[in-house]
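Reading through the structure tokens given below for one structure.
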Protein chains: 2
Amino acid sequence: MTGIGKKKATIYDLSVLSGSSPSTVSAVLNGSWRKRRIKEATAKLIQNLADAHGYTANLQARGLRSSRSGLVGLLLPVYDNRYFSSMAQTFEALVRSRGQCPVVVSACRDPEEERQVVETLISYSIDELFIAGATDPDGVHTVCEKAGLRHVNIDLPGTKASSVISDNFEGARLLTQAIIEHARRDGPVAPEDIYLFGGRNDHASRERIRGFREVKRSMLGADPDACIQPTGYSPAMTARAFEAFYQSHGKLPRAFFVNSSINLEGLLRFLAQHPHETFADIIVGCYDYDPFGSFLPFPVFMIRQDSEAMIAKGFAILEAKREPAVTHLIQPMLVPPRTALSGPLDTLKDVDGG
Amino acid sequence: MTGIGKKKATIYDLSVLSGSSPSTVSAVLNGSWRKRRIKEATAKLIQNLADAHGYTANLQARGLRSSRSGLVGLLLPVYDNRYFSSMAQTFEALVRSRGQCPVVVSACRDPEEERQVVETLISYSIDELFIAGATDPDGVHTVCEKAGLRHVNIDLPGTKASSVISDNFEGARLLTQAIIEHARRDGPVAPEDIYLFGGRNDHASRERIRGFREVKRSMLGADPDACIQPTGYSPAMTARAFEAFYQSHGKLPRAFFVNSSINLEGLLRFLAQHPHETFADIIVGCYDYDPFGSFLPFPVFMIRQDSEAMIAKGFAILEAKREPAVTHLIQPMLVPPRTALSGPLDTLKDVDGG
DNA sequence: CTTTTTTGCACAATCGATGGTGCAATGACT
DNA sequence: AGTCATTGCACCATCGATTGTGCAAAAAAG
């Protein structure tokens with residue numbers, strides 16, 4: 001409580017105050033004092049002094065000396081959608097519960113940015129890194145390896161480090177099947193009735209497209225190439241693809257698979273340009289779960305990826321230090337329309353809730 | 001490119017390689033070499049060596065010595081909703097563009113956690129801190145001040161540091177007015193037709209409730225206290241409030257104001273328990289913008305808070321070092337139903353978009 | 001009352017970068 | 001040639017913590 005605006009207390013200050021040496025103070029404050037055979041009384045004395053002066057360790061100094069920082073990084077492509085923001089939320093909670101400090105950064109799907117950001121994290125001696133949805137996981141891997149940083153890929157796999165990803169193939173199968181079955185309620189379904197929008201040439205998109213096509217072939221007997229419309233990940237591009245389809249066909253496909261919630265925002269932009277009623281009968285499957293997306297005015301089947309399981313598995317991999325780079329699949333979950341799942345926020349206590 | 005898995009190069013390594021002293025190397029690599037009158041040829045030589053060896057500065061060492069880190073912190077209550085995740089996205093971009101490194105952390109609306117997290121950030125000598133939506137801004141302020149850390153409150157104001165917040169009163173007025181006007185399309189509206197759900201006893205909620213009540217009084221002549229249902233911020237509690245209302249009234253209010261998108265998720269949970277058609281005619285106003293929320297099967301008016309302007313203003317305040325703690329209001333924007341606004345993601349380039 | 005063991009702690013090097021200071025070499029000028 | 005200013009850089013203390021090592025004093029053993 002002493003000293004507002006004063007410099008922060010250091011072990012040297014406490015050393016003078018307590019009459020012990022800095023090393024003793026250090027040992028007491030970092031918990032290694034038993035190993036160092038410090039008398040319990042001494043430890044207590046120093047601990048009390050530290051508390052009284054609001055001592056907190058200078059983590060940069062500690063990190064410099066010990067070349068470990070207690071930081072665990074999560075590299076995201078973007079924050080601004082429910083899949084990644086809930087992943088960040090889960091990550092924070094998990095890292096905190098392990099007594100470490102979470103650091104989340106985004107790199108905007110830019111391979112160069114990804115490497116730079118990771119370099120920066122390395123400069124802070126982070127202890128572990130979760131690389132989520134990286135455009136160039138192997139590029140990041142190289143940077144990490146050079147620095148001896150343990151890391152794991154989440155969501156998009158790399159070839160050089162272990163990865164934990166959704167079973168995109170299976171998820172896509174579930175989703176495609178669900179929208180086709182739903183469409184069949186209104187009569188027979190032809191291959192040209194079912195489209196896929198969004199995604200690009202990354203592993204997840206490829207697997208989802210593969211699952212989509214496989215189910216279409218087995219349920220509908222065919223899958224014309226025209227039904228696959230990879231638009232990239234931007235809402236604007238996706239909206240344009242819907243608009244183009246609409247212009248040439250006079251309607252949207254009867255049912256379609258949207259590659260991610262970001263692409264689904266593209267659908268919103270399209271819808272905003274057109275009267276409400278025109279699209280009351282479309283059926284949508286979206287690979288990603290967004291609670292509001294689930295309640296749109298037409299049936300939206302969604303896939304909820306289990307980011308909690310992915311992060312947890314990621315930690316397990318980092319601890320196991322497996323040598324060969326393996327890829328673990330986490331099963332995603334099909335979410336029927338109008339479903340409000342609980343999320344990471346639900347574990348928070350809501351103080352003063354009235 | 002040399003050395004995979006080797007230790008990172010330091011200025012000492014480069015010092016040996018270049019035949020210069022460490023301080024010269026340091027000066028060259030941190031850009032202060034002109035001030036230090038280093039020959040250009042020497043600088044070039046060292047720079048080339050550094051590039052060749054992939055040198056990156058150890059930021060912990062630099063931070064320790066200079067007691068500045070280049071880090072700028074953003075403290076969030078949670079990640080997992082569009083308001084805060086888009087704030088994080090904007091923050092990242094802005095900080096990056098200033099050549100600093102963004103660090104985003106969440107504290108789960110827990111005052112104790114808030115202080116602890118900030119202590120940790122301080123231990124890393126962060127240069128500036130944005131405190132967004134803190135439950136106890138003044139508590140955090142105390143911690144910051146003790147460490148001489150420049151900081152600014154965003155979204156929820158404190159009394160001891162400057163703040164940048166939405167004009168919640170005005171936003172609530174706009175929103176309330178919009179839903180009342182919309183409701184009047186179907187006939188006269190009584191005070192008991194319009195409710196407010198969500199929020200708790202924080203500044204934002206209070207201001208919103210004040211705006212809500214003021215508009216109701218002026219447009220409808222009254223505002224019974226029963227129409228205000230502060231449920232806290234959790235979806236579960238909010239859902240319970242809707243359920244309770246429904247049990248006792250046999251329906252939902254004709255129109256209602258929902259305090260935040262998190263509370264709006266509570267509405268989803270309620271809806272999921274009930275048949276679709278029952279609620280086709282409700283009118284909702286939500287204080288927060290979520291693109292999917294805007295397209296729900298009933299009219300949803302939303303308020304989009306301008307987090308970009310808030311962050312930008314926050315930087316301006318930090319730079320100006322204003323002494324008296326002032327509070328700046330940023331005007332939010334009323335978003336009519338079925339509107340897809342573009343967000344921070346739209347400025348990203350989407351490479352490989354096919 | 002020695003010798004050995006254990007206890008309790010102090011010393012000092014170290015992590016990597018920064019920045020004040022000092023000093024030799026070079027050039028400019030009288 | 002002697003003085004002075006300038007250029008170009010090296011030296012060294014410093015930031016705050018960690019950790020291997022050494023050495024007294026106290027306790028135990030002989």
Problem set entry | Sub-4.5 Å side-chain heavy-atom contact between D13(A) and V16(A) | no

Seminar exercise, completed: Separation of dG8(D) atom C1' from L45(B) atom CG, nearest Å, is 14 Å

For this session: Give the rounded distance in Å between these two atoms: CD1 of I38(B) and C1' of dA10(D).
Result: 10 Å

Seminar exercise, completed: Atom NZ of K39(A) and atom P of dA27(D) are separated, to the nearest Å, by 10 Å

For this session: Would you kindly give the CD-to-C1' distance between E40(B) and dT7(D), to the nearest whole Å?
Result: 14 Å

Exercise. When you measure from the side chain of D346(A) to the backbone N and O of G343(A), does any donor-acceptor pair fall under 3.5 Å?
Worked result: yes

Exercise. Does any non-hydrogen side-chain atom of R115(A) lie less than 4.5 Å from one of D136(A)?
Worked result: yes

Exercise. Are the side chain of S66(A) and the backbone N or O of R62(A) linked by a donor-acceptor pair below 3.5 Å?
Worked result: yes

For this session: Please report how far the helix from dC1(C)-dG30(D) to dT30(C)-dA1(D) bends, comparing the axis fitted to its first five pairs with the axis fitted to its last five, to the nearest 10 degrees.
Result: 50°

For this session: Assess the side chains of D138(A) and T159(A): does a donor N or O sit below 3.5 Å from an acceptor N or O?
Result: yes

Problem set entry | S123(A)/N58(B) under side chain to side chain donor-acceptor pair (under 3.5 Å): CA gap, chis, key distance, verdict | CA-CA 5 Å; S123(A) 302; N58(B) 181 320; over 6 Å; no

Can you give me every donor-acceptor pair (side chain of residues 36-45 of chain B, partner residue at least two apart or in another chain, under 3.5 Å) with its distance?
none

Problem set entry | Below 4.0 Å: OP1/OP2 of dT18(D) and any side-chain N or O of S26(A) | yes

Could you list the protein-to-nucleotides 21-24 of chain D atom pairs, N/O on both sides, closer than 3.5 Å?
none

Exercise. Any donor-acceptor pair under 3.5 Å linking the side chain of Y79(A) with the backbone of V104(A)?
Worked result: yes

Exercise. Taking NZ from K8(A) and P from dA17(D), how many angstroms apart are they, rounded to a whole number?
Worked result: 10 Å

Problem set entry | Test side chain to side chain contact (heavy atoms under 4.5 Å, CB included) applied to E119(A) - qualifying residues, sequence neighbours left out | V143(A), K8(B), T56(B)

For this session: Determine whether more than 12 heavy atoms belonging to other residues, nucleotides or ligands lie under 6.0 Å from atom CD of E308(B).
Result: no

Seminar exercise, completed: Students should find that the nucleotides of DNA chain C closing off the region near chain B, any atom under 4.0 angstrom from a heavy atom, are dG16(C) to dG20(C)

Exercise. Would you say the side-chain atoms of H151(B) pair up with the backbone N or O of L149(B), donor to acceptor, closer than 3.5 Å?
Worked result: yes

For this session: Check every strand shown and say whether T42(A) touches a base, only sugar-phosphate, or nothing at a heavy-atom separation below 4.0 Å.
Result: sugar-phosphate

Between N or O atoms, less than 3.5 Å apart, protein on one side and nucleotides 13-15 of chain D on the other: list the pairs.
from	atom 1	to	atom 2	distance (Å)
dT14(D)	O2	R65(B)	NE	3.2
dT14(D)	O2	R65(B)	NH1	2.9
dC15(D)	O2	R65(B)	N	3.3

For this session: Would you tell me if any nitrogen or oxygen in the side chain of T24(B) comes within less than 4.0 Å of OP1 or OP2 on dA10(D)?
Result: yes

For this session: Can you establish whether the number of heavy atoms outside R68(A) located under 6.0 Å from its atom CZ is more than 12?
Result: no

For this session: Rounded off to whole Å, could you give me the NZ-to-C1' distance for the K35(B) and dG8(D) pair?
Result: 17 Å

Exercise. In Å and rounded to the nearest 0.5 Å, what is the OG to CD1 distance from S69(A) to I126(A)?
Worked result: 7.0 Å

Exercise. Would you say T90(B)'s side chain and S86(B)'s backbone share a donor-acceptor pair under 3.5 angstrom?
Worked result: yes

Problem set entry | dC11(D) base / S23(B) side chain donor-acceptor hit below 3.5 Å | yes

Exercise. Which part of the nucleic acid, if any, lies within contact of A27(B), taking any heavy atom under 4.0 Å across all strands shown: a base, the sugar-phosphate backbone alone, or nothing?
Worked result: nothing

For this session: Send over the distance from W33(B) CH2 to dT7(D) C1', rounded to a whole Å.
Result: 14 Å

